[in-house]
Amino acid sequence: MYLSKLPINTLKEVPADAEVVSHQLMLRAGLIRRLASGLYTWLPLGRRVLHKVERIIREEMDRAGALEISMPVVQPAELWQESTRWDAYGPELLRIKDRHQRDFCLGPTHEEVVTDIARNELKSYRQLPVNYYQIGTKFRDEIRPRFGVMRAREFVMKDAYSFHLDEESLLEGYRVMREAYKRIFDRLGLEYRIVQADTGAIGGSRSEEFQVLAASGEDVIAYCDEDGFAGNVEIVDLPPPNTPRPAPSESMTLVETPGVGSIEALASFLGVPPEKCLKTLLVRGTESPAVALYLRGDHELNAVKAQRLPGVATPLTMLRPAEVEALGSVAGFIGPVGLDIPAYVDQYAVPLADFVCGANRADYHYRGVNWDRDVKLPEVADLRNAVAGDPSPGGGGKLSIARGIEVGQIFQLGDKYSRAMGATVLDAEGKPRIMQMGCYGIGVTRVVAAAIEQNHDERGIIWPDPIAPFDVIVIPINMDKSEQVRKATEETYAKLRDAGFEALVDDRPQRPGFKFADADLIGIPHRVVISDKGLDEGRCEYKSRRSPDVEMVPLDSISEVIAARRRG
RNA sequence: CGGGGUGUAGCUCAGUCUGGUAGAGCACUGCGUUCGGGACGCAGGGGCCGUAGGUUCAAAUCCUAUCACCCCGACCA
């Protein structure tokens, strides 16, 4: 491909509303353009990368025995009502009506549709197991789309669904997919970690996520190098603390704390550490208007754990200030003393003695508060997020914390959908059996962003070889003037193509520096510069995007040189 | 959903406070010079100043409404 025929509009300046590098570089390199919030057009260069990612995924899915299908983006409400997710999914499910006023939605995922297919197409245990997959567009009406293609509303996903006669087969299918995913992410050149995960809106029993390690990641993962444990902090169960509660040594006193409505402010105002404070969170309840959750001041509530508690409404919803006042308290000054509502206390807040907490009165806190003596200890639960240094659930040591971008997730669904939708096959005895299901997703568009987060420098993107939009860029110097350069460029291009490389020739009438800068920005892994200087010795210049070194190589061996330096 | 912010050329942004001919840089077009790390000169094209009302002799600028986008928060006790 000649650049004179491929309009790329690179930007020198960083677009104002892009905050993470991958988003900035994708915009600057002309991979994507924003159409509306969370909606992006993929321009030629970006689309090529997407194709490469899709191809690798397709090859590995096929190798693992999965069958490619294609399901509609628009789905009828009936199917979602059958699985009960029409009501359960929430506002992320974009609902639309057709001209006959019939309800439809834009598919955020395809369990319902694929289960419908399976129950109609699969009749006998002899046909199982089957794994259907597709690569296609999903729509989720995200509460806050951000980071460009990383959390978009419309995105490309590879989703696969496996159907099994029994759990044993499901486990085997899950294992096969897990291996396929490892191959995929290895081939994509990503540094990732497999972590235990919450099953969320999809449901099912066991689930793992493939997390690409990146500081800009939205997920927090906890891992322990000693015992091999790795999990999304959402699901890390913490063992109970083994510290005893000291005896009370202070008496409970009311202190004036004007305008001090946060733990941080409270700690500095009173000169006590946050871990000596008790934070009170009020959330909606199912049996009562509110449920109180008590945590140590330096700990964070874990929403997944809180939602599991009996009496706590799902999704977890914090009370608004007006609702707090209706309960006789004041936002910013809530505390357990005199608050007569259902409550849970985090196990790590139980050993607190002589602690500080809100007085349920504007601008006042209590200090010297003690469980049992001043306020009854509520039911104890595991409520908080793990932090670095916590004991690992694996039993072998302390947890470390890292950030990750979730690029894939695999689930053992069980019979959640197949039971609700009556997806059965006849077993060897001729009796109907509900199929066991697994489901397996990869965020294809997100993989592109994640790859950039892990592979860039101050000049631009550095594509891993397997997903680069082009393998090599040929930059002729002074092609307009030098017939020698023009000829060598055309010959080199043909030679590279014959050797199986996707080559891009920058034949634009620009100065060399301009072309080098663009080549670096769009991140083509291998660069060949052709100039009179080199041609006089029968050589051209080779440079890898990953290395600062340039080397002069014989013109007729350039294909071999690149082949030798290519990875993956 | 709550709070904050921003809407002026394709992009980055001035101009708005204090109403009076719509600007700069980048990008784009033409010509010339230049030609190994985002060149320079000259000449150009391009804006319903988000939208709708209002105030005024006069509105990008003041007022009202509305829409869009961005950020923060929703973990604050």
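Residue numbers start from 1 in every chain, and the chains themselves are labelled A, B, ... in the order their sequence lines are given, proteins ahead of strands.
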Between His299(A) and Tyr348(A), is a side chain to side chain donor-acceptor pair (under 3.5 Å) present by the stated rule, with each step listed? CA-CA 9 Å; His299(A) 288 151; Tyr348(A) 283 81; over 6 Å; no
Exactly one candidate in Arg566(A), His526(A), Arg565(A) meets side chain to side chain donor-acceptor pair (under 3.5 Å) with Asp465(A); the answer is His526(A)
Both distances under 3.5 Å, Watson-Crick or G-U wobble: report the partner of [N], or none.
N      : answer
A77(B) : none
A39(B) : U33(B)
A52(B) : U64(B)
U16(B) : none
C69(B) : G5(B)
G44(B) : C28(B)

In whole Å, I'd like the distance from the [atom1] atom of [X] to the [atom2] atom of [N].
X         : N      : atom1 : atom2 : result
Met552(A) : G36(B) : CE    : P     : 15 Å
Met479(A) : G36(B) : CE    : C1'   : 16 Å
Asp506(A) : G37(B) : CG    : P     : 15 Å
Tyr294(A) : C76(B) : OH    : C1'   : 15 Å
Glu19(A)  : C72(B) : CD    : P     : 5 Å
Arg33(A)  : C11(B) : CZ    : C1'   : 9 Å
Asp507(A) : C35(B) : CG    : P     : 21 Å
Arg361(A) : A77(B) : CZ    : C1'   : 16 Å

Of the listed nucleotides ([options]), which one gets closest to any side-chain atom of [X]?
X         : options                : result
Asn9(A)   : C11(B), A27(B), C69(B) : A27(B)
Arg146(A) : G36(B), C71(B), C70(B) : C71(B)
Pro512(A) : G38(B), A77(B), C35(B) : C35(B)
Ile477(A) : G38(B), A77(B), G36(B) : G36(B)
Arg28(A)  : C26(B), C69(B), G38(B) : G38(B)
Glu541(A) : G36(B), C72(B), A39(B) : G36(B)
Ile143(A) : C69(B), G38(B), A74(B) : A74(B)
Arg511(A) : A77(B), U34(B), G38(B) : U34(B)
Glu13(A)  : G36(B), C71(B), C11(B) : C11(B)

Using the [atom1] atom as the point on both nucleotides, what is the distance between [M] and [N], in whole Å?
N      : M      : atom1 : result
G47(B) : U12(B) : C1'   : 16 Å
C13(B) : A52(B) : C1'   : 27 Å
G25(B) : A14(B) : P     : 16 Å
G54(B) : A60(B) : P     : 15 Å
G19(B) : C63(B) : P     : 12 Å
U61(B) : G44(B) : P     : 30 Å
A24(B) : A9(B)  : P     : 13 Å
C76(B) : U21(B) : P     : 49 Å

Which is true for [X] with a 4.0 Å heavy-atom rule: it touches a base, it touches only sugar-phosphate, or it touches nothing?
X         : value
Ser531(A) : base
Leu282(A) : base
Asn360(A) : nothing
Ser262(A) : sugar-phosphate
Gly332(A) : base
Lys12(A)  : base
Ala16(A)  : sugar-phosphate
Leu521(A) : base
Phe333(A) : sugar-phosphate
Val330(A) : nothing
Asp480(A) : nothing

[X] side chain N/O closer than 4.0 Å to the phosphate oxygens (OP1, OP2) of [N]?
X         : N      : value
Arg459(A) : G38(B) : no
Arg144(A) : C71(B) : yes
Ser37(A)  : A68(B) : no

Within 45° of the six-membered ring axis of Trp42(A) and under 6.0 Å from that ring's centre, is NZ or CZ of Arg33(A) located there? no
Does Arg527(A) make a cation-pi contact with Phe516(A) (under 6.0 Å, within 45 degrees of the axis)? yes
Between Lys481(A) and Gly335(A), whichever has its closest RNA chain B nucleotide further toward 5' is Lys481(A)
Take His365(A) and Asn478(A), find for each the nucleotide of RNA chain B with the closest heavy atom, and name the residue whose nucleotide sits nearer the 5' end. Asn478(A)
Over 60° means perpendicular and under 30° means parallel, so tell me whether Trp80(A) and Tyr89(A) are parallel, tilted or perpendicular. perpendicular
If you take atom types as modelled and just measure distance, does the side chain of Arg527(A) reach the base of G37(B) with a donor-acceptor pair under 3.5 Å? yes
With side chain to side chain donor-acceptor pair (under 3.5 Å) as the test, would you mind laying out the steps for Asp17(A) and His23(A) before giving the verdict? CA-CA 9 Å; Asp17(A) 51 11; His23(A) 189 197; 5.5 Å; no
Side chain to side chain donor-acceptor pair (under 3.5 Å) evaluation trace for Asp532(A) with Asn478(A): CA-CA 8 Å; Asp532(A) 281 318; Asn478(A) 219 3; 5.1 Å; no
Validation row, ring centre Phe501(A) to ring centre Phe470(A) under 6.0 Å: no
Within a radius of less than 6.0 Å around CG of Asp340(A), do more than 12 heavy atoms belonging to other residues, nucleotides or ligands occur? no
Between Lys487(A) and the options Glu490(A), Glu491(A), Glu483(A), the salt bridge (Lys or Arg N to Asp or Glu O under 4.0 Å) test singles out Glu491(A)
